[in-house]
Amino acid sequence: MRRRALLGAGAAALGAAGLGWSLLTPKRPGKLLRSRAELPKPFEARLTIPPVHTGGEIVQREADLHILPGLTTRAWTYDGSFPGPTVITRSGRPAALTHRNRLPEPVVVHLHGGHTPAGSDGYPIDEIMPERGAASTTTHHDMAAMRGDVTVGSRTYRYPMTQRAATLWYHDHRMGFTGPALYRGLAGFHLVRDDEEDALALPRGERELPLMLTDRAFEADGSLRYPTGDPAFMNGVLGDVVLVNGLPWPVHEVDPARYRLRLLNASNARRYRLELDPQPPGGAAFTQIGSDGGLLRRPIGHDSLRIAPAERFDVVVDFGRYKPGTRVRLVDRDGGNVMRFDVTGSRRDDDAAVGPLLSRTAEPLPPPARTRTFAFNQGPDGTWRINDLEYRPGRAVARPRLGEVEHWRFVSDFHHPVHLHLNHFQVVSRNAGELGAYDHGWKDTVDLRASEAVEVAVRFTDYTGTFMLHCHNLEHEDMAMMADFVVEA
Ligand SMILES: [Cu+2]
C-alpha cells in the first residue's frame with residue numbers, strides 16, 4: 001500500500017498524460033541525502049582491498065565498522081566486512097556457497113552476472129529466514145498468499161560456473177528491501193577466472209584492484225542514514241559521501257606502472273562520469289579491457305567512463321604515463337571526488353601489456369527468433385513499472401525458448417539501468433543507431449537514459465525456469481520495477 005500512495009496527489013493534479021509527466025519527471029535520477037555527521041577530508045583514508053573468501057560458510061551478520069574517523073557504523077555484512085569477502089572461482093569448476101543468516105531480517109542472495117539455475121538465482125521471495133528469532137516482516141499486502149522457496153537459517157547456492165572470466169558481484173535481492181539491504185552493506189565481489197584471461201599479460205597481484213563504488217549518508221552518531229518510506233526519494237537515494245571499498249574518498253599509492261581496475265558501481269542510484277585528473281598526456285586515461293560479462297574482443301580507450309548502477313568496467317590505467325610524485329584524482333564529473341592515486345617513484349618494473357586482441361569468444365549472436373519490447377515507465381500512481389505492470393511474483397512477461405536468440409528492446413522516459421538475469425547480452429543498437437561508447441562486449445546491465453531505446457541480443461541457455469528482468473536503480477526496483485520471465489524447453 002505504501003507504494004501506491006507515493007506521489008499520488010501530484011500525479012492526479014497534473015494528469016498522467018505525457019506533458020504532465022515530462023514536467024514532473026526530474027532530469028536526473030535520485031535525490032541527495034545529506035549527512036548529519038561531520039565528514040572527513042577526502043584522501044585521508046587508505047584504500048583497503050576486501051579479504052578473499054577462503055572457503056566455508058558466509059555468515060551474514062551485523063558488525064560495527066570504522067568508516068568515518070572516531071565513529072562506528074553498524075552495518076549488515078557478509079562475514080563482518082564491507083564489501084564482503086571476494087569470492088574467486090574458476091570457469092568450468094562448479095562452486096557451492098552456503099550463506100548463514102544471523103541478521104534480524106530475511107535475506108536473499110543473487111550472484112549478479114552469474115549463469116545459474118533458477119533455484120540458485122536468488123529469486124526475490126526465496127528468502128533465507130534468520131537463524132534465530134525469525135521476525136515475520138513481510139509487508140507487501142499482496143504477498144500473504146505468496147510464498148517462495150524459503151529456508152530457515154542457511155541456504156546453499158550452487159553455481160556451475162559454466163561461464164567465462166568476469167567481474168561478478170553478489171548482493172541482497174529480497175523483494176521490496178534490496179535498496180536498504182545493500183545500503184547497509186550486503187554486497188561483495190565474485191571474480192571468475194579462466195585460461196583465456198590467464199594467458200594475457202594483464203596486471204595482476206597488487207596491481208589488480210577491485211574497486212566497489214558506493215555513496216552513503218550518515219547520521220551524527222555514524223550510523224547509516226536511509227530515508228525508508230520517504231516518497232521524496234522515490235527516484236533514488238544519493239549519499240553525500242563516496243565510499244571506495246567501504247572507505248570515504250580513499251587514497252592509494254601506486255607504482256609508475258600499469259594497473260587493472262575492476263570498477264563496480266554498487267551504488268543504489270548514483271551514476272558516475274569517471275575521469276582522471278590530471279588526464280595523462282595524450283588522453284585515453286582508461287583502456288577498457290572488459291565489461292560486465294568479461295573481456296572485450298579488442299581494447300577501447302576512454303577519456304571518461306559513464307557507469308550506471310550495477311555496471312562493471314574492467315580497465316587498465318598506465319600510471320607510468322605520469323611523473324612520479326603526481327597525485328591523480330579519480331573524479332566523478334557529475335559529482336565530485338571518488339579517490340586518489342599517488343604515483344610514487346619506487347618500482348618502475350612493468351611486464352604487463354594490453355595486446356590488440358583480448359578475446360575470441362565475443363562473436364556476434366545470430367539473428368533473433370523474435371523481438372520483444374519492454375517499456376520502463378512510471379505509472380500514474382507514481383510506482384515504477386515494466387510494460388505498465390507492477391512486479392508480482394509468478395507473473396511472467398515473457399516466455400523465451402531455451403536455446404533461442406531474442407532481441408529485447410528497452411524503452412523509457414527516464415534513466416534506468418536495466419539488468420537481465422541468467423544470460424549476458426550484446427547491445428545491438430542504441431536509438432536505432434550505433435552503440436554508445438560503453439555498450440561494447442557482453443553485458444548484463446545497460447544504461448537506459450530518458451527517451452532512449454536500447455536493443456539487446458540474448459540467447460537463453462542451459463536452464464529453464466523463472467528469472468528476472470529489472471531496473472537496478474534500487475529504489476525503482478523496490479518500488480516494483482521488476483518482471484519475471486520464464487525460460488521454457
Ligand atoms: Cu529505474
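Indexing begins at 1, ligand by ligand and atom by atom, following the structure's order.
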Contacts of [X] that satisfy side chain to side chain donor-acceptor pair (under 3.5 Å) - sequence neighbours left out:
{"X": "Thr167", "answer": "Arg262"}
{"X": "Thr464", "answer": "none"}
{"X": "His190", "answer": "Thr89"}

Side chain Trp384, main chain Met234, donor-acceptor under 3.5 Å =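 Here the side-chain-to-backbone pair exists.
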task = Check whether any side-chain N or O of His115 sits under 3.5 Å from a backbone N or O of Leu422 as a donor-acceptor pair, and report yes or no.
result =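 Present.
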request  = For the Cu ion (ligand 1), count the protein N, O or S atoms found under 2.8 Å away.
outcome  =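 The number of such protein atoms is 3.
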ask   = Which distance, rounded to the nearest 0.5 Å, do you find between the NE2 of His171 and the CG of Leu474?
value =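 Rounded to the nearest 0.5 Å, the NE2-CG separation comes to 7.5 Å.
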